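Contents: one structure, followed by commentary.
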Amino acid sequence: MNNETPERNIPAPPVNAENQRYFDATAQGTLLIGHCKDCRQFHFYPRTLCPFCFSERTEWVPAAGTGTIYSYSTSHRGVPIPYTIAYVTLDEGVSMMTNLVDCEIERLSPGQRVKVVFKAAEGGSNIPMFTPI
Ligand SMILES: [Zn+2]
């Protein structure tokens, strides 16, 4: 069965100097998260300073790309194609706000296992979204 989400125009993300590398990676099909070499915690979005200990010794590492749905909300009204915004907790322990795609909305539930898929946005960037495993 084909669960592909109907095509929806995805606005181009605000690419800037700090997140350029992140979107370069998503273009290659890799989801990067931040990792601190001092306190060893992961964080998202990746950034220059660790949000936990303010260390500058941060690095970008590829995430496994799997996680669980923490919560989600589907917009039906006022949009041509319904879409689902969610918080997904990656297996590395960080949460990210994202979209759930290529799925039957009625069958989603918190705690469900998901994996990353990359969707083309306007302007040529790829946006990481998630679909049930
Ligand atoms: Zn740290």
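Start at 1 and go down the list; that is how both ligands and their atoms are numbered. Model, not experiment: these values are computed from the prediction.
With respect to H35, the side chain to side chain contact (heavy atoms under 4.5 Å, CB included) criterion is satisfied by exactly one of V61, V94, T58: V61.
Side chains of D102 and K119 form a contact here, defined as non-hydrogen atoms less than 4.5 Å apart.
Using a cut-off of 4.0 Å between Lys/Arg side-chain N and Asp/Glu carboxylate O, D91 and R113 are scored as salt-bridged.
Looking only at protein N/O/S atoms, the ones less than 2.8 Å from the Zn ion (ligand 1) make 4 in total.
In this structure, I85 is a member of the same hydrophobic cluster as Y70, with clusters built from ILVMFWY side-chain heavy atoms closer than 4.5 Å.
T26 and N126 share no donor-acceptor pair across their side chains, judged by distance under 3.5 Å alone.
Between Y45 and Y22, a ring centre-to-centre spacing shorter than 6.0 Å is recorded.
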